[in-house]
Amino acid sequence: PKEEDPASFSGYYHSSELDAKMELRSREGKLFRIQNSTRAVPLEIIHRDLALLPNGNGRIQFHRNAEGMITGCSFTAGRVQNLALVKLEE
């Protein structure tokens, strides 16, 4: 499979369960999770729809619709397991 463009994952994701937002941004061909609007944590895309946090500290599994567009993700890190987030329209 062709390599996924990190920009396709960029955007805001929302969890209705925790009423929390997660921001992902692409910079210089890499994907980052933005924390507190200032800290950029690099993510490693290891599969078309799977990204890992540094040092094995978690993962983000992306979800797509029938057209192949990213619609959300499941976030796992520490005690948080498979937290469902929906990608927001920008």
Side-chain angles (χ1 to χ4, degrees):
K2 71 179 180 100
E3 189 173 318
E4 190 72 25
D5 179 6
S8 66
F9 300 106
S10 290
Y12 291 95
Y13 295 77
H14 180 259
S15 163
S16 57
E17 181 181 348
L18 296 181
D19 193 25
K21 261 203 275 193
M22 176 174 68
E23 180 182 1
L24 300 181
R25 290 290 164 219
S26 169
R27 294 185 188 155
E28 300 174 3
K30 297 188 185 288
L31 186 63
F32 295 86
R33 179 173 172 239
I34 307 302
Q35 293 180 307
N36 303 321
S37 301
T38 57
R39 183 170 176 241
V41 176
L43 302 174
E44 180 186 1
I45 301 170
I46 63 164
H47 184 269
R48 181 174 185 237
D49 291 330
L50 181 62
L52 298 181
L53 278 71
N55 304 314
N57 288 329
R59 73 178 190 280
I60 301 172
Q61 177 72 53
F62 294 94
H63 308 290
R64 297 177 184 266
N65 62 16
E67 291 79 36
M69 302 296 295
I70 296 170
T71 57
C73 64
S74 298
F75 179 77
T76 297
R79 295 186 309 195
V80 176
Q81 297 291 311
N82 297 315
L83 178 66
L85 296 110
V86 174
K87 188 172 186 185
L88 302 176
E89 296 293 324
E90 291 193 69

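Just so it is clear, the structure is predicted and the values come from calculations on it, not from any experiment. FYI, the numbering just counts along the sequence from 1.
Here L50 contributes atom CG and C73 contributes atom SG; the two are 11.0 Å apart, rounded to the nearest 0.5 Å. To the nearest 0.5 Å, the span separating NZ on K87 from OG on S8 amounts to 6.5 Å. If you take CG on L52 and CG on L31, they are separated by 11.5 Å, rounding to the nearest 0.5 Å. Expressed to the nearest 0.5 Å, how far CG of L85 lies from NZ of K21 amounts to 12.0 Å. Summarising the geometry, atom CZ belonging to R59 is positioned 14.5 Å from atom CD belonging to E44; distances are rounded to the nearest 0.5 Å. Taken from CZ in R33 to CD1 in I60, the straight-line distance is 6.5 Å, to the nearest 0.5 Å.
When hydrophobic clusters are built by joining Ile, Leu, Val, Met, Phe, Trp and Tyr residues whose side-chain heavy atoms come closer than 4.5 Å, directly or via intermediates, Y12 is not grouped with I70. V86 is not connected to L24 by any chain of hydrophobic side-chain contacts under 4.5 Å among Ile, Leu, Val, Met, Phe, Trp and Tyr, and they are in different clusters. Hydrophobic clustering (ILVMFWY, side-chain heavy atoms < 4.5 Å, transitive): L18 and M22 are in one cluster.
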Practice problem: Go through H63 and D49 one step at a time and tell me if the side-chain contact (heavy atoms from CB on, under 4.5 Å) criterion holds. | Solution: CA-CA 7 Å; H63 308 290; D49 291 330; over 6 Å; no

Practice problem: For R27 and I34, run side-chain contact (heavy atoms from CB on, under 4.5 Å): C-alpha distance rounded to whole Å, both residues' side-chain angles, the deciding distance at 0.1 Å, then the answer. | Solution: CA-CA 11 Å; R27 294 185 188 155; I34 307 302; 3.7 Å; yes

Exercise. Walk me through it: do L43 and F9 pass the test side-chain contact (heavy atoms from CB on, under 4.5 Å)?
Key: CA-CA 11 Å; L43 302 174; F9 300 106; over 6 Å; no

Self-check item: Test log, rule side-chain contact (heavy atoms from CB on, under 4.5 Å), inputs L53 and F75
Solution: CA-CA 10 Å; L53 278 71; F75 179 77; 4.1 Å; yes

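Judged purely by atom type and a 3.5 angstrom limit, N36 has no side-chain atom pairing as donor or acceptor with the backbone of T38. Under a 3.5 Å cut-off, the side chain of S10 and the backbone N or O of S26 do form a donor-acceptor pair. The backbone N or O of N57 sits nowhere less than 3.5 Å from a side-chain atom of N55 that would complete a donor-acceptor pair.
Salt-bridge formation is detected for the pair E23/R25: a Lys NZ or Arg NE/NH1/NH2 atom is positioned less than 4.0 Å from an Asp or Glu carboxylate oxygen.
The heavy-atom pair separating G29 from P6 by the smallest distance is O-CG, 3.2 Å. Taking both residues in full, the closest heavy atoms of A51 and F62 are given as CB-CE1, 4.0 Å, listed atom of the first, atom of the second, then distance.
The shortest side-chain heavy-atom distance between Y13 and L83 does not fall under the 4.5 Å cut-off.
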